[in-house]
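Input: a single structure, listed below in structure tokens.
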2 protein chains.
Amino acid sequence: MSLPNILLGLIKEPKSGYDIKQTFEQVLHYFWNSDLAQIYPALKKLEQDGLATIQMAEPDKGPAKKLYKRTPKGTRQLRAWLQQGPQLNTERLHYLTQVFFLDEIPPAERIKFFTSLHQYFKQQLSELIEVEKNWRSQDSRYPDKLPDKDQATQFTLRLGLAKIKAIIDWCESCLQTLRNKHQQAN
Amino acid sequence: MSLPNILLGLIKEPKSGYDIKQTFEQVLHYFWNSDLAQIYPALKKLEQDGLATIQMAEPDKGPAKKLYKRTPKGTRQLRAWLQQGPQLNTERLHYLTQVFFLDEIPPAERIKFFTSLHQYFKQQLSELIEVEKNWRSQDSRYPDKLPDKDQATQFTLRLGLAKIKAIIDWCESCLQTLRNKHQQAN
DNA sequence: GGCCCCATGTAATGGGTTACATGATTGC
DNA sequence: GCAATCATGTAACCCATTACATGGGGCC
């Protein structure tokens with residue numbers, strides 16, 4: 001039930017399906033992603049339900065675009081979603097289920113597994129740190145005096161940073177535990 | 001692709017679909033859940049693919065049970081899944097997408113939203129702390145000298161605790177920011 | 001008698017991914 | 001000429017949720 005509401009959130013200003021996909025990849029991809037094959041039909045349905053209107057645009061370069069914009073009814077629907085409180089679905093952490101069965105492979109492989117996890121999240125962290133650095137240098141209001149929309153975005157960034165840091169610490173502590181045991185065995 | 005492998009992991013010792021559902025709810029539910037309607041067909045398929053065998057059990061009380069146990073081929077498949085490295089799918093955090101659009105509702109409602117989040121994760125944390133406390137008091141080997149299987153389980157518990165603590169801190173810092181702004185406006 | 005727990009399943013629906021199909025423009 | 005990017009879509013498939021269906025046993 002989230003995708004239609006996310007789309008409504010994004011089309012406060014007119015946007016095409018392609019534009020929306022860009023936004024997913026550049027901004028939201030740490031906690032959400034959707035493919036074009038899912039976005040196009042979902043936008044069509046919003047229009048059919050009277051939650052969005054279409055406006056054609058013929059840019060100087062490139063093919064024609066369908067720009068979707070939310071209607072007042074769409075805005076009401078978006079607010080209702082937010083006002084009904086946080087949607088707390090059980091997350092599916094594939095890699096954690098793997099950790100749960102990690103005793104099924106030899107100790108050296110377990111270390112490899114955690115090293116790989118560690119690398120991945122280190123990379124994610126450095127990306128987020130970069131995002132924050134740029135934002136800070138480009139907007140003097142960062143972090144305490146941002147306008148509401150930016151503040152909401154910043155909240156998501158703050159959680160991303162905190163969670164990834166926690167995961168990295170966890171990787172390191174697990175690696176330490178695994179290495180201690182591995183050496184004792186030799 | 002994870003569910004079949006998770007089931008293989010769980011049926012090292014013979015288990016019924018119903019038993020597995022219990023395990024999900026009691027142990028794995030912080031990072032995975034599956035319904036019986038998904039488990040039964042998935043187990044059937046494992047048997048058809050030669051990854052598990054069925055053995056009937058007629059307990060003294062209650063109806064007959066189908067006990068599934070993994071075959072050597074099943075074990076190989078499980079190990080292959082673990083050895084191919086961590087499966088890092090983009091998580092879908094519904095509540096974070098809501099935070100991203102939180103400026104669409106009035107400040108008082110935003111505070112309500114975060115308060116509700118805060119409560120939920122406080123509850124989750126106290127459950128996990130309880131789990132850890134019981135484990136510590138019932139096994140003198142906790143936390144450093146656990147056998148491999150328990151160590152793997154403990155790794156997942158450690159991440160759960162660390163992540164939930166990070167989320168709670170984040171909730172509190174966002175609430176602080178929101179309250180400051182809210183008061184200035186009055 | 002009614003409710004909850006044990007135990008197994010199917011059917012319908014919804015959400016998400018991958019593959020396929022089309023066509024214009026930009027840059028090398 | 002070829003690859004990449006812009007732009008829109010459909011079809012097939014897989015995964016997950018909800019609803020439906022059945023039946024025995026224990027407890028109040």
Side-chain angles (χ1 to χ4, degrees), chain A residues 1-8 10-11 14-26 28-29 31-49 52 54-68 81 87-94 97, chain B residues 1-8 10-11 14-26 28-29 31-49 52 54-68 81 87-94 97:
Chain A
M1 281 300 305
S2 289
L3 180 63
N5 291 305
I6 294 168
L7 295 178
L8 285 175
L10 293 173
I11 57 172
K15 277 200 182 69
S16 71
Y18 199 86
D19 295 337
I20 287 169
K21 177 64 181 159
Q22 307 290 96
T23 308
F24 276 132
E25 270 167 15
Q26 286 159 26
L28 296 166
H29 72 106
F31 52 93
W32 197 272
N33 209 0
S34 283
D35 207 80
L36 283 169
Q38 214 189 344
I39 294 169
Y40 287 127
L43 284 171
K44 200 177 199 177
K45 183 146 193 307
L46 289 181
E47 198 261 326
Q48 281 164 7
D49 295 349
I54 304 178
Q55 186 191 333
M56 294 303 291
E58 306 276 347
D60 297 340
K61 55 177 190 171
K65 297 171 89 166
K66 280 192 183 176
L67 301 179
Y68 290 82
W81 176 58
Q87 252 189 261
L88 299 156
N89 319 39
T90 23
E91 305 170 32
R92 272 163 223 274
L93 297 175
H94 297 249
T97 65
Chain B
M1 283 299 307
S2 290
L3 181 63
N5 291 306
I6 295 167
L7 295 178
L8 284 176
L10 293 173
I11 57 172
K15 277 200 183 66
S16 70
Y18 199 87
D19 294 338
I20 288 167
K21 177 62 183 162
Q22 308 289 96
T23 308
F24 276 130
E25 269 166 17
Q26 286 159 26
L28 296 165
H29 72 105
F31 51 94
W32 199 273
N33 210 359
S34 283
D35 207 81
L36 283 169
Q38 214 188 343
I39 294 169
Y40 287 128
L43 285 171
K44 202 178 199 175
K45 182 145 194 307
L46 290 181
E47 199 259 326
Q48 281 163 7
D49 295 349
I54 303 179
Q55 185 192 332
M56 294 303 292
E58 305 276 347
D60 297 340
K61 55 174 190 173
K65 295 171 90 163
K66 278 191 184 176
L67 300 180
Y68 289 83
W81 176 58
Q87 251 189 265
L88 299 156
N89 319 40
T90 24
E91 307 171 30
R92 270 162 224 275
L93 297 175
H94 297 250
T97 64

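Both backbone and side-chain heavy atoms feed into the values below; hydrogens, waters and symmetry mates do not. Chain letters run A, B, ... following the sequence lines, proteins first, then strands; residues in each count from 1.
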B:Ser2 vs B:Asn5, side-chain hydrogen bond (donor to acceptor under 3.5 Å, both in side chains): CA-CA, chis, key distance, verdict = CA-CA 5 Å; B:Ser2 290; B:Asn5 291 306; 5.9 Å; no
OP1, OP2 of D:dT8 versus side-chain N and O of A:Lys44: anything below 4.0 Å?
-> no
Say you draw a straight line from CD1 of A:Ile20 to NZ of A:Lys15; how long is it, rounded to the nearest 0.5 Å?
-> 7.0 Å
Take B:Glu91 and A:Trp32, measure what side-chain hydrogen bond (donor to acceptor under 3.5 Å, both in side chains) needs, and give me the verdict at the end.
-> CA-CA 7 Å; B:Glu91 307 171 30; A:Trp32 197 272; over 6 Å; no
Euclidean distance, atom NZ of residue A:Lys65 to atom C1' of C:dA24 [Å, nearest integer] | 14 Å
In whole Å, what is the span from the CD1 atom of B:Ile39 to the P atom of C:dT10?
-> 14 Å
Interatomic distance where CG belongs to B:Leu36 and P belongs to C:dC5 [whole Å] | 14 Å
Let me see the working for A:Phe24 and B:Thr90 under side-chain contact (heavy atoms from CB on, under 4.5 Å), right down to the final yes or no.
-> CA-CA 12 Å; A:Phe24 276 132; B:Thr90 24; over 6 Å; no
Find the distance B:Gln87:CD to C:dT17:C1' and express it as a whole number of Å.
-> 14 Å
Would you mind building the protein contact string for nucleotides 13-25 of chain D? One character per nucleotide, 5' to 3', B for base within reach (heavy atoms under 4.0 Å), S for sugar-phosphate only, - for untouched.
-> --SSBBB---B--
Between CG on residue B:Leu7 and NZ on residue B:Lys45, distance to nearest 0.5 Å = 12.0 Å
A:Glu47: what forms a salt bridge (Lys or Arg N to Asp or Glu O under 4.0 Å) with it, not counting sequence neighbours?
-> none
Measure the distance from OH on B:Tyr40 to P on C:dA11 and round it to the nearest whole Å.
-> 17 Å
Of C:dT8, C:dT10, D:dA7, the nucleotide closest to the side chain of B:Tyr18 is C:dT8
Supply the atom-to-atom distance B:Gln22 CD to B:Tyr18 OH, rounded to the nearest 0.5 angstrom.
-> 5.0 Å
Take the protein atom CG of B:Asn89 and the nucleotide atom C1' of C:dG15, then report the distance between them rounded to whole Å.
-> 15 Å
List the steps, then state whether side-chain contact (heavy atoms from CB on, under 4.5 Å) holds for B:Asn33 with B:Leu28.
-> CA-CA 7 Å; B:Asn33 210 359; B:Leu28 296 165; over 6 Å; no
Please give the angle, rounded to 10 degrees, between the axes at the start and the end of the helix from C:dG1-D:dC28 to C:dC28-D:dG1, where five pairs define each axis.
-> 20°
Polar side-chain atom of B:Lys66 near backbone of B:Gln55 as donor-acceptor pair, under 3.5 Å = no
note: A:Lys15, atom NZ; D:dT8, atom P; distance rounded to Å ~ 14 Å
A:Lys21 NZ to C:dT18 P, in whole Å, measures 10 Å
